[in-house]
Amino acid sequence: QAESLRLLAPHKTRKNILAPMRFVQQMSAENQYEIQTYRHVSKFVPAGQSTQMIIGATPETDYQLMSVTEYMYKEYKMKRVFYSAFVNVNHNIDAPAPVGTNPLLREHRLYQADWLLRYYGFMVNELLNEKRPNFNVVLDPKCDWAVNHLERFPVEIMRADYYTLLRVPGIGVKSAKRITSARRYNNLNFESLKKMGVVLKRAAYFITCNGKTMFPLNMNQDFIARSLADTDKRQTYAIEQDTTYKQMTLMDMGVRVNE
């Protein structure tokens, strides 16, 4: 938002931020055409372009942030969008106070959602909306989506297409590809899924294997949400208790050198 930009970077405007991005995107597109036509042309910006968002310093919701992210990927062909939790390391009295939940945990959830946009075929409006504008701090975005769409589950491992498998918590890009390849030659079971990298402590609530479940399924939303949250507690706690963000001083550097 314009007000947030004015607050954090008063010397910048939306126009002078987006104009260079558009230039790089257009030049990259033209360069790609030249490469395909003439082949000997060097690639323009071979690593692509990226941008970064500061999280928690201003009141934008996760829905607003992820909508901007989605727009950047589609319209500017952005390679990556990075997220950085706002930490007032200088204790500047003019800096805005952190907004919302633990900024490090929020940063973590945004990165997880970003991964879903880039590799799992999700769109922002499937994960969030104006009535539900922020991510669940207890469940990762994929698990949260699945718990809120239990009508789509369980899915049968031997029949579900690749993109349906990607929506199952505990099944990633690599394991989904392994499943679709291996099932052409063999009947899969839960042990073989585990060997393929499927995280069964998550996936077991959402799949059947040759019509069988790993254990009797209780398709109760609250029960599944609690069970999934329990598997993520250690990681969530570590993020919430993070103490690594500390402004270093020359004294710190001197101590480290002498240790």
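In this structure the side chain of Y71 never reaches within 4.5 angstrom of the side chain of V68, judged on heavy atoms. With a 4.5 Å cut-off on side-chain heavy atoms, D114 and F82 do not count as touching. Contact check for R167 versus V155: no side-chain heavy atoms found under the 4.5 Å cut-off. Side-chain atoms of W145 and L128, non-hydrogen and from C-beta on, never get closer than 4.5 Å to each other. Side-chain contact check for R106 versus Y83: every heavy-atom pair is 4.5 Å or farther apart. Taking the side chain as every heavy atom from C-beta outward, N210 and N189 never approach each other to under 4.5 Å. The closest side-chain heavy-atom distance from L200 to M214 is below 4.5 Å. Side-chain contact between K142 and W115 is absent, with no heavy-atom pair separated by less than 4.5 Å.
Residues that satisfy the side-chain contact (heavy atoms from CB on, under 4.5 Å) test with Q221, not counting sequence neighbours, are V147, N148, L150. With sequence neighbours excluded, no residue forms a salt bridge (charged side-chain N to carboxylate O under 4.0 Å, His left out) with R80.
Of the possible donor and acceptor atoms, one in the side chain of Y73 sits under 3.5 Å from a partner among the backbone N and O of V81. Although no hydrogens or angles enter the test, the distance criterion places a donor-acceptor pair under 3.5 Å between the side chain of R183 and the main chain of I157. In this structure, Q25 contributes its side chain and K77 its backbone to no donor-acceptor pair below 3.5 Å. Looking only at distances, no side-chain donor or acceptor of Q112 sits under 3.5 Å from a matching main-chain atom of D140.
Around atom CD of Q52, more than 12 heavy atoms belonging to other residues, nucleotides or ligands sit under 6.0 Å away.
For the pair R152 and F206, the NZ or CZ position fails the cation-pi test of under 6.0 Å to the six-membered ring centre and within 45 degrees of the ring normal.
In this structure, a donor-acceptor pair under 3.5 Å is absent between the side chains of T51 and Y76. Between D230 and S227, the side chains place no donor N or O within less than 3.5 Å of an acceptor N or O (distance only, hydrogens not considered).
For the atom pair CG of L166 and NZ of K177, the computed distance is 9.0 Å after rounding to the nearest 0.5 Å.
Nearest heavy atom pair, residue S175 against residue G197, reads CB-C, 4.3 Å.
Of the charged side-chain nitrogens involved, none lies within less than 4.0 Å of a carboxylate oxygen, so that R109 and D144 do not count as a salt-bridged pair.
Between Y163 and F122, the distance from one ring center to the other does not fall under 6.0 angstrom.
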